[in-house]
2 protein chains.
Amino acid sequence: MTTGRASRRPTRQQQAVADILGQSADFASAQALHGRLREAGETVGLATVYRALQAMADAGQVDVLRTDDGEAVYRACEPGHHHHLVCRTCGRTVEVEGPAVETWTDRVAAEHGFIDVTHTLEIFGTCADCARGASAS
Amino acid sequence: MTTGRASRRPTRQQQAVADILGQSADFASAQALHGRLREAGETVGLATVYRALQAMADAGQVDVLRTDDGEAVYRACEPGHHHHLVCRTCGRTVEVEGPAVETWTDRVAAEHGFIDVTHTLEIFGTCADCARGASAS
DNA sequence: CTCAGAATGATAATCGTTGTCAACTCGGTG
DNA sequence: CACCGAGTTGACAACGATTATCATTCTGAG
């Protein structure tokens, strides 16, 4: 059978989006990424940025989460399941793993008769630098 | 001393929103709640529903979370910190507690020097009823 | 080189949510 | 009880993020 690759035909624009994502260590919104691409001289339409991000999200190549005000933010992440520890001041992001959490969610879900279980877990806080230098000029 | 009550002046509309929330066992969007109020014969403006929900959310009287497509959904919940196990088919919601998870997130955050930590955790799955009857035409 | 189909991009459309502002209500006062 | 000031309401406009549309362009294969 055909390989599982649901990837679209490779194009310069998709490559550009993937590159910009790879350069950023933190989560960024689709519009922010689009803006950065324009600054970098890349000519990519906003709609294309959205499509590329969706495609990569579907393929599991990027993580997506929603800010409190409902905006979607994206980030290129290590493959595999993990969670994020995000500084709410500077946006710094740390990927964390928690086998215990995975086990716990599965067990709780099973206890209630749920199957085909997934979960989302994000941790927000203030990182050491921001806590210390919050008053920095 | 002035109580911490940031609550607004009590009105019929706010009561109506609180009531409708109390009757629903599952998460519902602001617009869905507004629709239900109209069906119930209550005359409440959509903007007022949003304001009432925000006020209750600020007061910690309701839980808010975002669906995958960014829509905010609300539910009247037990006070205190807890998480949700939601059936992605029928929407049934179970409140769950996980002291172990709380501990884990705090520890992980501390290890990375983060302070003032909060977290969000939601579990999605298919409940027993939906799993069984999923093949229904 | 040429073709078919997929991808792009500018724009319009959609949807949820928030802001605006005149009219209204509440609760207390004289 | 009538009145008052401030907080609320509600209809509608405004807004921002995302998605759909559709003619044009590009990719890879033959």
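All values reported here derive from a predicted model rather than from experimental measurement.
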Given atom [atom1] of [X] and atom [atom2] of [N], what is their separation to the nearest angstrom?
| X | N | atom1 | atom2 | answer |
| --- | --- | --- | --- | --- |
| B/R66 | C/dC15 | CZ | C1' | 13 Å |
| A/Q14 | D/dC26 | CD | P | 15 Å |
| B/L53 | D/dT9 | CG | P | 12 Å |

Quick one: which of C/dG9, C/dT17, D/dT18 gets closest to the side chain of B/L46? C/dT17
With the side chain of B/Q13 defined as its heavy atoms from C-beta on, choose the nearest nucleotide among C/dG9, D/dG10, D/dT18. D/dG10
Whether A/F27 and A/H84 hold their rings parallel, tilted or perpendicular, with breakpoints at 30° and 60°: perpendicular
In terms of the angle between their ring planes, are A/H83 and A/H119 parallel, tilted or perpendicular, with boundaries placed at 30° and 60°? tilted
By nearest-heavy-atom nucleotide on DNA chain D, the more 5' of B/P10 and B/A47 is B/P10
Short of 4.0 Å, heavy atom to strand atom, which residues of residues 29-43 of chain B count as contacting DNA chain C? B/Q31
Examine the base of D/dG7 for any acceptor or donor lying under 3.5 Å from a partner atom in the side chain of B/R51, and report the outcome as yes or no. no
Is a donor-acceptor contact shorter than 3.5 angstrom present between the side chain of B/R9 and the base of D/dT8? no
Distance-only side-chain donor-acceptor flag, A/D26 / A/S24, under 3.5 Å: no
For a quick check under 3.5 Å, do A/Q54 and A/D58 share a side-chain donor-acceptor pair by atom type? no
Are A/E42 and A/R38 packed together at the side-chain level, in the sense that at least one heavy-atom pair is separated by less than 4.5 angstrom? no
Indicate, with a heavy-atom threshold strictly under 4.0 Å, whether A/T11 touches base, sugar-phosphate, or nothing. sugar-phosphate
Comparing B/R12 and A/A52 on DNA chain C - which has the more 5′ nearest nucleotide: A/A52
Single-linkage hydrophobic cluster, 4.5 Å side-chain cutoff, A/Y50 and A/V44 together: no
